Amino acid sequence: MAERIAKLESRTRFEPSEVESRIFERWLDSGLFHPKPDGDPEHNYSIAIPPPNVTGSLHMGHALNGSIQDVLIRYQRMKAAGRRPPSRTKWILGTDHAGIATQAQVEKALLAEGTSRHELGREAFVERVWDWREHYGHTIVEQFKRLGASCDYADERFTLDEGYARAVADVFVRLYEKGWIYRDRYIVNWDPGSRSAISDLEVEERHETDTLYSIRYDLVEDGAADQGASPSGPPGGSVTIATVRPETMLGDTAVAVHPEDERYRDLVGRHAILPLVGRHLPIIADDYVKMDFGTGQLKVTPAHDPNDFEIGARHDLDQVSVIGEDGCMTAEAGERFAGLSVMQAREAVVAALREEGRIVAEEPYEHEVPYSHRSGERIEPLISLQWFMDMTELAKPAIRAVNDGAVRIVPDNHRRVYLDWMENIRPWCISRQLWWGHRIPVYYCETCSHVHVAATEPDACSECGGRLCQEEDVLDTWFSSALWPFATLGWPEQTPELAAFYPTDVLSTARDILFLWVARMIMMGIELTGKVPFSDVYIHSVIQAPDGRRMSKSLGTGIDPIQEIERHGADAVRFGLLAMSSTQDVRYSVEKIQQGQALANKLFNATRFALLRVHASLGGEAAAELEPEPMPRTIEDRWILSRLAQIETDTAARIEDYDFSHAALGLYDFVYGELCDWYLELVKHRLPDLGEAGEQDEESREALAATLLYVLGQTVALAHPVIPFVTEELWSYLDGAGDLLAGRQYPCADASRVDLDAEVEIERAIEAIVAVRGWRDSVGARAGITIPARLCAPCYGSTAPLLARMARLQFLEEDEAEGAQLALASVAIPGGVIEILSAEGLDLAAAERRRTAAAEKLQVEIERIRGKLENPGFVAKAPAAVVDGERERLQRLTAELAAL
RNA sequence: GGGCGCGUAGCUCAGUGGGAGAGCGCUCGCUUCACACGCGAGAGGUCGCAGGUUCGAAACCCGCCGCGCCCACCA
């Protein structure tokens, strides 16, 4: 150990790259991350990681959320180490098969090879994706290790694992049998990019400007009077509809007006002739129609518009599908248009209508257009046979859980959002026309078309013995993700893991998947396990690019966390992200990362300093295990122990409150603002190997060594959840036993060490030192020289020597000062002044200017307080403590001003 | 259209009822024997605007201006 410490001599900087992988290996080997499944979830602590996409790589969101979860996990693991009997801490790890995203990546690779999934066939393609997963699926897990994340790597799950797949099939069957899962022909969000239906939540609206066309449809002559027909129109009159999607008119099956629209009352029941097609369209009344939009006459296309679909259902209209799943016009669109793309068809239809003189008006029109969040292509609403899940019964207990606090959402302004969505929940389209995913466990008989729904494939049709074929579609990836907190632990089997770690404690995520994932986990958790899957949901910030835009690959605004780790160290990145995080979105600031880097380096050097100076006097004992006994005698020892107790209390409270920013920054402030800037500077002279050391006796030196190393050890342990690498590295020097800090007990504040007297005295001394240093600077006193002075303030009994040393003053006693030597200048300090007795090398004019400025400042402050105290309202209504405080302050400042 | 949130130092952000703060940047001084990725000292702010509540408002309330996000079926 002595040699190791000696080697520190030359290491003046903390080099993350030298230690990170070595330390991570030690953690892994220790088994600390892989708890035995004992005990019960009440006492144990667990978090299920939001499973990253198996082919993904670490982005800033992962890095922030990883840091947050690791702080919680490391904090709880260390707390657990102090419990008797001990409890266990598990961070459940795994990846998500991410249906569309993964399939798209592999398809892209196939395209580059000049082939396609269709050419390969389903089986070979799925095989190919598994290969891909073998190849690239571990990247992100390795990247989490770089961050220092203490997940249970020995128990990694994948949403397509055999056991997990069984759970998924099992859930499908259960919910089908409850009648909540059903198959239906319904209008869905068709994503031409992935050639699949997607759910409402995977659709994003983009603001676009299109052309709004007004098109005239003639009416069928029905022999009745020509009311409602324009005089200039054809004999039967006409209607004029408005649309931004003229190509869909080919699928119109009605025209609608509002039932209370006086203008068109007589049109209802008549028919219009669909231009280009000739179909007769009934004119119906439906109160969906807005009377004040356009002409108040609406074309109805049930097969290609969700609203029209509803209208169609109400009026039993035909559904004419003119756009196919390939995004091209179908045969139903007519010979002229069949096979054209939607955009081509739009042009062709407009051209044809124009030729017939039917376009009455064209105007630019701004509106929201649906796009696929998955492929980026424009959504094509169309009618399709899909599997749906009715959510109403699932939602009810999930609403209750949040309302009654069984699930707490932090920060709680997200509660309202969750509840609003849940209260208006709609059926979930759970089938996807993909090959990569959980194939729906439904089997159709080839002979009698009987439908079998079963978790394992039946041999033959139970009705007729015919051959069965499985449903082609797979489930929405989020269907399997919804089971994550318990399926990862082995559910539906009653495994020891499930018994020990479910329900989990907290789920941490960004708000973008609150509905997509979190809400569904709550619903499924309650339905299937009878328990909420976690008691807290923590919604963290979204980190934006430094310029405030989204961080995204396509915009080129992304910042790679791994690159940042390589540049600044994992501790720095963790610290920085946590310090940035907040209850709202924040911009990435590399300065915060650098602040973390500085903190790691500072702690490293402070520890190095203490060890190098103190080691000799301890003979290589387990330094940090020393309690600061004999009890500290000096005021600064009492002060730092008191401050340590405070930061210990604060840090634990902040972590438990999910206030990571203040937890991290509070540690920084303690290490810089108290431990290094003041405590170390105050005690330096008491350490061995210094010229002045002779004046200290052995006992005092040992007391200091014990206190110093104790404070450092506790600080390093306290900071471990935030900056695990540097603290673990330092611990290896501080701890003689060779134990891992990660498995050690978390520091717990010792209330008996809180010493408010010492705090008041040291704080006053610090203020005085800062005042003198400022004064020295302004009068041009050289940094090295010691200035003779007289301390004219009563309250520096035990801190006067500290004040003298830190401010480089020499306080002369009355007799030494050859009688009452005249003050050449004076410096205001709390509770009095310091008189300067030598002007050597000082700018006395500047000193006088400074004195005047200080007096003015005091005067202004005195006036302000006087004004306040002369206000009868203040004295009468403000709390007595506040009034007394102001009175005291007035007294003190007046005395200081008089002395100056 | 509904909801949530934000506007504080040049930049990124804390502060949420009684003396305007941090990090970075900037200025000045220090090769002070832990750290020059360092140390010390400074400059810099009518706390978006306008009202109100209060003895007292950066903070609480109302309105306005500006910005962001989420939800929503007006072609």
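Note that the structure is predicted; figures quoted are calculated from it, not measured. Proteins get letters first, then strands, A, B, ... in listed order; numbering begins at 1 in each.
Applying the salt bridge (Lys or Arg N to Asp or Glu O under 4.0 Å) criterion to A:Arg887, with sequence neighbours excluded, gives A:Asp884. Residues passing the side-chain hydrogen bond (donor to acceptor under 3.5 Å, both in side chains) test with A:Asp210, sequence neighbours excluded: A:His367. A:Lys868 meets the salt bridge (Lys or Arg N to Asp or Glu O under 4.0 Å) test with A:Glu886; sequence neighbours excluded. Not counting sequence neighbours, the partners of A:Glu674 by the salt bridge (Lys or Arg N to Asp or Glu O under 4.0 Å) test are A:Arg643. Residues satisfying the side chain to side chain contact (heavy atoms under 4.5 Å, CB included) criterion with A:Ala510, sequence neighbours excluded, are A:Asp512, A:His540, A:Val542. A:Ala570 pairs by the side chain to side chain contact (heavy atoms under 4.5 Å, CB included) definition with A:Glu20, A:Ile565, A:Phe725, not counting sequence neighbours. Under the side-chain hydrogen bond (donor to acceptor under 3.5 Å, both in side chains) criterion, A:Arg415 pairs with no residue, sequence neighbours left out. Legend: residues meeting side-chain hydrogen bond (donor to acceptor under 3.5 Å, both in side chains) with A:Arg808, ordered by chain and number and at least two apart, are absent. A:Ala285 meets the side chain to side chain contact (heavy atoms under 4.5 Å, CB included) test with A:Pro259, A:Val268; sequence neighbours excluded.
Between B:U8 and B:G15, the two P atoms lie 14 Å apart (nearest whole Å). Between B:U27 and B:A43, the distance separating the two P atoms is 15 Å to the nearest Å. Taking atom P on both B:A41 and B:G23, the two are 12 Å apart, rounded to the nearest angstrom. Of the C1' atoms belonging to B:G25 and B:G10, the separation is 7 Å, rounded to the nearest Å. The same atom, C1', is picked in B:U46 and in B:A20; the two are 13 Å apart, to the nearest Å. A distance of about 8 Å separates the C1' atoms of B:C62 and B:G51, rounded to the whole Å. When the C1' atom is used for both B:C24 and B:G38, the distance is 16 Å, rounded to whole Å. The separation of B:A59 from B:G48, taken at their P atoms, amounts to 8 Å, rounded to a whole angstrom.
Contact check, A:Arg416 against B:C4: no side-chain N or O comes under 4.0 Å of OP1 or OP2. Taking only side-chain nitrogens and oxygens, A:Ser589 never comes nearer than 4.0 Å to OP1 or OP2 of B:G23. In terms of phosphate contacts, A:Lys684 brings a side-chain nitrogen or oxygen within less than 4.0 Å of OP1 or OP2 of B:A34.
Between A:Arg764 and A:Glu767 there is no salt bridge, since none of the side-chain N atoms of the basic residue sits less than 4.0 Å from a carboxylate O of the acidic one.
Summarising the base pairing, B:U32 is matched to no nucleotide, lacking a Watson-Crick or G-U wobble pair whose two defining distances lie under 3.5 Å. In this structure, B:U16 forms no base pair with any nucleotide, since neither Watson-Crick nor G-U wobble geometry is met with both distances under 3.5 Å. The nucleotide B:C4 finds its pairing partner in B:G68, both defining distances of the Watson-Crick or G-U wobble pair being shorter than 3.5 Å. When both distances must be under 3.5 Å, the Watson-Crick or G-U wobble mate of B:G23 is B:C11.
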For nucleotides 68-75 of chain B, print each protein N/O atom paired with a nucleotide N/O atom at under 3.5 Å, atom names and distance only.
{"unit_1": "B:C69", "atom_1": "O2'", "unit_2": "A:Arg511", "atom_2": "NH2", "d": "3.0"}
{"unit_1": "B:C73", "atom_1": "OP1", "unit_2": "A:Arg426", "atom_2": "NH1", "d": "3.4"}
{"unit_1": "B:C73", "atom_1": "O4'", "unit_2": "A:Asn307", "atom_2": "OD1", "d": "3.4"}
{"unit_1": "B:C73", "atom_1": "O2'", "unit_2": "A:Asn307", "atom_2": "OD1", "d": "3.1"}
{"unit_1": "B:C73", "atom_1": "O2'", "unit_2": "A:Asn307", "atom_2": "ND2", "d": "2.4"}
{"unit_1": "B:C73", "atom_1": "N1", "unit_2": "A:Asn307", "atom_2": "OD1", "d": "3.1"}
{"unit_1": "B:C73", "atom_1": "O2", "unit_2": "A:Asn307", "atom_2": "OD1", "d": "2.8"}
{"unit_1": "B:A75", "atom_1": "OP2", "unit_2": "A:Tyr365", "atom_2": "OH", "d": "3.1"}
{"unit_1": "B:A75", "atom_1": "O2'", "unit_2": "A:Ala242", "atom_2": "O", "d": "2.7"}
{"unit_1": "B:A75", "atom_1": "N6", "unit_2": "A:Lys290", "atom_2": "O", "d": "2.8"}
{"unit_1": "B:A75", "atom_1": "N6", "unit_2": "A:Phe293", "atom_2": "O", "d": "2.8"}
{"unit_1": "B:A75", "atom_1": "N1", "unit_2": "A:Lys290", "atom_2": "N", "d": "3.2"}

Could you list the protein-to-nucleotides 54-61 of chain B atom pairs, N/O on both sides, closer than 3.5 Å?
{"unit_1": "B:C55", "atom_1": "OP1", "unit_2": "A:Lys877", "atom_2": "NZ", "d": "2.2"}
{"unit_1": "B:C55", "atom_1": "O2'", "unit_2": "A:Asn871", "atom_2": "ND2", "d": "2.6"}

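Side-chain atoms of A:Glu681 come within donor-acceptor range of the base of B:A34, with a qualifying N/O pair under 3.5 Å.
Between the side chains of A:His568 and A:Gln594, no donor N or O sits under 3.5 Å from an acceptor N or O. Side-chain contact, A:Gln595 with A:Glu591: no donor N or O sits under 3.5 Å from an acceptor N or O.
A heavy-atom distance below 4.0 Å to RNA chain B is reached by these residues of residues 662-676 of chain A, ordered by number: A:His662, A:Tyr668, A:Tyr672, A:Cys676.
Between the CD atom of A:Glu423 and the P atom of B:G2 there is a distance of 19 Å, rounded to whole Å. Between A:Lys592 atom NZ and B:C11 atom C1' the separation is 11 Å, expressed in whole Å.
Residue A:Glu18 holds its CD atom at 5.5 Å from CZ of A:Arg11, rounded to the nearest 0.5 Å.
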